[in-house]
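Reading through the structure tokens given below for one structure.
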Amino acid sequence: MTRVRASILLFMSAVLAACPAVAQAQAPVTVQTAGGEVTIVADRFEQAGPDNLLVATGNVEVTRGSARLLADRIEINRATGDATAYGRVIFYDGDDRLTGQRIDYNIKTGTGVVYQGEAHAPPYYRVLGERMERIGDSVYSVRRGVFTTCEDDVPTWSFHLGSATADMEDLVYGTNASFWVKGLPVIPFFPFFAAAIRRDRQSGFLAPQLGSSSRKGLFAEIPFYWVISDSQDATLRFDTFQKLGFGGAAEYRYVLSQEQRGALAGTFIDENFKNGAVRGYGSVKHEWQIAPGLALRADLSGVSDDLVLREYTSELKQRSAQRAESNFFLTKTWTNWNFVSRVFWYQDLTVARPVELQRVPELTLQGMRQSLPGLPGFLYQVDTSAVNFLRDVGSEGVRLDLHPVLSRPIPLAGYMTVTPFVGGRATAYSKTVTGTHIPLAGGPAVEDTKDDPRVRELLEFGADGESRASRVYALDGWGGLSAMLHSIEPRVHYIRIVGNNFYSLPLWTDQIDRIPEANWFEYSVTNRFRGKTVSSDSAEAARLDLARLVLAHAYDFEARRFGNLAGDLTLQPSTMLSLHADASYNVEGDGLQAYTADTTVTVPRVTANVGLRYNRQQPVSNPYFVQVPGTFNPGAGVPEASSIHFLQGALTVEVWRNLTLKVNTNWDLRTDTFVESRFGLDFKFDCWALSVAFVKRSRDIATGQTADDELRFSLHLLGLGNVLSTKTGTSGLDSGPRYK
């Protein structure tokens, strides 16, 4: 092939030299260069002058590796390799496309210059320049450039750069920058600009956040994103606050292997304009799958003081946090056993006194119900734990707990199964409680203890009974279902607990330490509705959980009172509606005790969520033997405090294709206080979007601070994420106490 091409080239050269007029060429012209083979295809070739100037006209295409140059006319100096393209000039640089009025291109080196050029990089990036010099594969030096992702002739938004470098496989960066909206320079100057192309991870400054609030005054947050390696990156931020001082934040993320990953984050504020205090909060997270069944996980967090989260975070969940918790786990699992080694440390953000009860360490071994060797049909289960409790104020010590249970399922003619069980529980304490006292400084009662070990011994026995009846109903396509299965599952549970040393025990964790002598009978019935969708012979039908209703009640023989009537309902008849609700009702005349309800409705253009929380009494821990929590009746000894009555709602409406309305509210019905409400608008267009949000907050009852309302807006540019974002705060009128 090389000889043939050489012959063709010599033949064409001879013809062109003999006939300087016009010569027809159907075969391509091939030129060997140090960078590879260059092929030239055109309707006509002309040889002009003695200096090897080849003029190609009509559908000219020059191919060099992955680069292709198309034009109406190209003049090529075959000695130097310099080529000049005119007319409808298009240059394909791999997946990128460049157009311009004129392109100077060297077919031997692959370098060149595009005048009044425009480069397109998939999926939507555009770089324009008065002069764009190709200095490498997909790399250009740009003079008087423009960067945008908009397709209109005068871009809706763009960054203008005095000089820039555009790597169409990596990033665009330059100096002497300005931000334009249509033909208007909104931000006339900033010294440096960088944006990643095709890559989500690229080092560089992110857009600063500017704003004002009644507590912070004017503030600025300047973030920098640092790609350390393919498996590590970090975000660093410098903050300044007019009324408070200076601060910063950092978050470092890493992936060591498929089995190990984690993150470290921290924020600090030096309030040198206020009182000189240095405050902050941070977290550490690490996950390590050491071996199959063996894992280590750390989730640590800490704060400098109890109020820093309320004053410096934005989301309600963080602002209302009552603890800063740290957990360190080492777990090992087998087929029937699970071992957990845990260190639990926390800081209580609701009280000033150091009453936190730390667990250093907590060792737990849990066994699944499994066959007992040597006794066919018998099952056993063992739970055991050892905990060392530490505390500055209050009782502390060591607790060991062992809880084995033996059971024997007995089927009764296929109609139901009865499972008698018997178990024991031994709990050893290193301390004995001698009394309690209220500190002079106030706060919760503190236990007085002495260093006398104490062992609680329990015997439990009882039985469980359960059955199931079901029926299938043919629906013949009604509602998209071919059939529906209705099942009824009654269940009864009886347990008797007797033992020694129920009293003078430290109350460290309710589930283990607060176990009363019990004579408990509980019964429930569960109704389930499952649907089977209509399907063709070639497709498999889907099975849906349409509804589940649980009704439960109990009688406490020990306390000689009825338990509460409890109900739990889950509905999901279609993808448009889902509902979950539960309630607890006192049948002895005390009425409704608690309920929750969560509803989600999704129809075209509208999504709505409503959640209700109500609890008439202070939270009470249910004993471990209660199967359905809502059935437990703590009696009249628990004060009625209307501790929770709360409503949460969210609504998203797509008003038009380009406009979305969002509303979110958190309303404390007990105090008739809107704790936090957010109203937002999202304007979405082809290459940009604008989000506007107003946050209305009530006064913080814990700190006494007045409401700190905020008006926020953020500009989202296609391909760049959040480029501009500001927050403006307004000090609103006091609307009542904050919910804690």
Side-chain angles (χ1 to χ4, degrees), residues 309-310 313-323 350 544-552 564-586 591-622 628-632 640-654 660-682 693-702 707 709-710 735-740:
L309 293 179
R310 291 184 191 145
T313 59
S314 175
E315 298 299 325
L316 179 61
K317 182 178 180 181
Q318 291 180 296
R319 294 171 68 92
S320 60
Q322 298 187 1
R323 288 184 174 188
T350 63
L544 309 174
D545 290 325
L546 304 176
R548 183 178 71 96
L549 173 63
V550 180
L551 295 175
N564 296 335
L565 177 63
D568 189 292
L569 174 65
T570 300
L571 289 176
Q572 192 165 5
S574 69
T575 57
M576 294 188 298
L577 174 66
S578 64
L579 167 68
H580 177 263
D582 59 69
S584 178
Y585 184 85
N586 187 286
L592 187 65
Q593 301 298 299
Y595 70 83
T596 65
D598 295 285
T599 304
T600 300
V601 178
T602 303
V603 297
R605 296 179 177 268
V606 178
T607 300
N609 308 91
V610 177
L612 278 168
R613 302 289 182 273
Y614 172 77
N615 194 332
R616 185 177 178 180
Q617 297 176 328
Q618 294 287 351
V620 176
S621 178
N622 294 321
V628 180
T631 61
F632 183 64
E640 296 183 4
S642 229
S643 61
I644 295 177
H645 196 187
F646 203 70
L647 181 144
Q648 296 173 309
L651 176 68
T652 301
V653 181
E654 187 178 342
T660 301
L661 169 67
K662 297 180 179 180
V663 179
N664 184 294
T665 187
N666 296 270
W667 184 13
D668 188 351
L669 299 171
R670 178 172 56 93
T671 59
D672 195 22
T673 302
F674 284 93
V675 178
E676 181 179 284
S677 298
R678 296 181 180 235
F679 308 90
L681 295 173
D682 288 344
F694 175 70
V695 184
K696 175 69 176 176
R697 298 190 179 102
S698 65
R699 181 176 65 89
D700 194 327
I701 191 173
D709 301 336
E710 291 182 348
S735 59
R738 285 282 312 267
Y739 170 79
K740 286 181 60 180

Discussion item. Let me confirm one number: the CZ-CG distance from Phe674 to Asn666, rounded to the nearest 0.5 Å.
Written reply: 10.5 Å

Fill in: Donor-acceptor contact below 3.5 Å, side chain Arg319 vs main chain Thr313
yes

Fill in: Separation between OG1 of Thr596 and CG of Leu612, rounded to the nearest 0.5 Å
9.0 Å

Fill in: Closest non-hydrogen atom pair between Gly630 and Ser584, with its separation
O-OG, 2.7 Å

Discussion item. Is it the case that the side chain of Gln593 and the backbone of Gly591 share a donor-acceptor pair, with hydrogens and angles ignored and the cut-off at 3.5 Å?
Written reply: yes

Response to the item:
OG1 of Thr600 to NE2 of His580, rounded to nearest 0.5 Å, is 12.0 Å

Worksheet item: What are the two closest heavy atoms between Ala552 and Thr631, and how far apart are they?
Response: CB-CG2, 3.6 Å

Discussion item. Apply side-chain contact (heavy atoms from CB on, under 4.5 Å) to residues Asp672 and Trp667 and explain how you reach the verdict.
Written reply: CA-CA 7 Å; Asp672 195 22; Trp667 184 13; 3.3 Å; yes

Discussion item. Rounded to the nearest 0.5 Å, what separates atom CG in Asp598 from atom CZ in Arg613?
Written reply: 4.0 Å

Item to complete: Mind running side-chain contact (heavy atoms from CB on, under 4.5 Å) on Asp568 and Leu549 for me, showing each step along the way?
Response: CA-CA 6 Å; Asp568 189 292; Leu549 173 63; over 6 Å; no

Discussion item. Checking Val601 against Val606 for the side-chain contact (heavy atoms from CB on, under 4.5 Å) test, could you report, in this order, the C-alpha distance in whole Å, the side-chain angles of both residues, the deciding distance, and whether it holds?
Written reply: CA-CA 8 Å; Val601 178; Val606 178; over 6 Å; no

Worksheet item: Leu551 and Gly567: which non-hydrogen atoms are nearest, and at how many Å?
Response: CD2-CA, 4.1 Å

Response to the item:
Output for pair (Leu571 CG, Asp545 CG), nearest 0.5 Å, gives 12.0 Å

Discussion item. Looking at every heavy atom in both Ala583 and Leu592, which two are closest together, and how far apart are they?
Written reply: CB-CD1, 4.4 Å

Fill in: Distance, nearest 0.5 Å, that separates CG of Asn615 from CZ of Arg670
11.0 Å

Worksheet item: Looking at Thr602 and Thr575, what are the two nearest heavy atoms and their distance?
Response: CB-O, 4.2 Å

Worksheet item: Is it true that atom OH of Tyr585 has more than 12 heavy atoms of other residues, nucleotides or ligands lying nearer than 6.0 Å?
Response: no

Worksheet item: Aromatic rings Tyr614 and His645: how do their planes relate, parallel, tilted or perpendicular, breaks at 30° and 60°?
Response: perpendicular

Fill in: Residues Thr673 and Asp668: side-chain donor-acceptor under 3.5 angstrom
no

Discussion item. Is it the case that the side chain of Asn564 and the backbone of Phe632 share a donor-acceptor pair, with hydrogens and angles ignored and the cut-off at 3.5 Å?
Written reply: yes

Worksheet item: In a check of side chain to side chain donor-acceptor pair (under 3.5 Å) between Glu676 and each of Gln648, Lys696, Arg697, which one passes?
Response: Arg697

Discussion item. If I compare all heavy atoms of Leu651 with all of Ala608, which pair ends up nearest, and what's the gap?
Written reply: CD1-CB, 3.9 Å

